[in-house]
Chemist: 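This is the structure I want to talk about, given as structure tokens.
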Amino acid sequence: MHPYLDRASGPTVLREQLLHLIEVAQLPNITVQIFPFGADLDAALSGTFLHTITPVRGLSTMVLDHPAGSLYLSDDEHLTLYDTMFDRLVESALAPIGVRTSEELATKDSLALIQHLLYTL
């Protein structure tokens with residue numbers, strides 16, 4: 001899930017978007033992480049992609065979006081390449097939204113950023 005938060009729509013819309021991110025982060029199959037502007041941009045330069053991961057590797061697929069349409073890749077070489085790219089994105093992003101201990105409350109993570117933005121609206 002890669003939402004685009006739209007500040008131009010005003011504080012009410014932005015607030016709804018941020019609250020929705022917190023809500024979906026509670027689902028067991030969803031991980032929400034914020035990729036800040038100052039993070040390692042090289043990991044994200046290829047554009048958007050969707051990686052469907054299945055228990056059977058041969059059924060996994062990468063979907064790359066571009067202006068001319070979508071490209072579907074399922075060979076092991078491409079899957080491994082995008083596995084590596086996704087791992088780099090995860091490492092560069094803030095920690096995911098989730099249950100936090102008191103020690104973690106002092107760290108910069110995705111939930112803390114969302115809460116800060118909500119507070120300032």
Chemist: According to a 4.5 Å side-chain heavy-atom criterion applied to Ile, Leu, Val, Met, Phe, Trp and Tyr, with indirect links allowed, do L79 and L81 form part of one hydrophobic cluster?
Modeler: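 Hydrophobic grouping puts L79 with L81.
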Chemist: Taking side-chain contact (heavy atoms from CB on, under 4.5 Å) as the definition, give me every residue that meets it alongside L50, ordered by chain and number, with sequence neighbours left out.
Modeler: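 By the side-chain contact (heavy atoms from CB on, under 4.5 Å) rule, L50 matches T52, V63.
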Chemist: Looking at M62 and H78, what are the two nearest heavy atoms and their distance?
Modeler: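 Scanning both residues completely, I find the closest heavy atoms to be CG-O, 4.4 Å.
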Chemist: Atom OG1 of T84 and atom CG of L89: how far apart are they, to the nearest 0.5 Å?
Modeler: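 The OG1 atom of T84 sits 11.0 Å away from the CG atom of L89.
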Chemist: Taking only residues two or more places apart in sequence or in another chain, which ones pass side-chain hydrogen bond (donor to acceptor under 3.5 Å, both in side chains) with D76?
Modeler: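 Listed in chain order: R57.
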Chemist: Using the rule side-chain contact (heavy atoms from CB on, under 4.5 Å), only one of V13, L19, L18 pairs with R15; which is it?
Modeler: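 Running side-chain contact (heavy atoms from CB on, under 4.5 Å) over V13, L19, L18 with R15 returns exactly one hit, L19.
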Chemist: Would you please name every residue forming a side-chain contact (heavy atoms from CB on, under 4.5 Å) with V90, sequence neighbours left out?
Modeler: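 V90 satisfies side-chain contact (heavy atoms from CB on, under 4.5 Å) with Q33, F86 once adjacent residues are dropped.
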Chemist: Compile the donor-acceptor pairs under 3.5 Å between side chains in residues 67-74 and protein atoms, sequence neighbours left out, one pair per line.
Modeler:
residue: S70; atom: OG; partner: D65; partner atom: OD1; Å: 3.0

Chemist: Honestly curious: do L27 and V32 fall in one hydrophobic cluster under the side-chain, below-4.5 Å linking rule?
Modeler: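 Both belong to a single hydrophobic cluster.
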Chemist: Who are the side-chain hydrogen bond (donor to acceptor under 3.5 Å, both in side chains) partners of D87, not counting sequence neighbours?
Modeler: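 Expected list: none.
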Chemist: How would you list, by chain and number, every residue that makes a salt bridge (charged side-chain N to carboxylate O under 4.0 Å, His left out) with D75, sequence neighbours excluded?
Modeler: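 Expected list: none.
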Chemist: Kindly state each residue pair satisfying salt bridge (Lys or Arg N to Asp or Glu O under 4.0 Å) with at least one member in residues 19-36, sequence neighbours excluded.
Modeler: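 Passing the test, one end in residues 19-36: no pairs.
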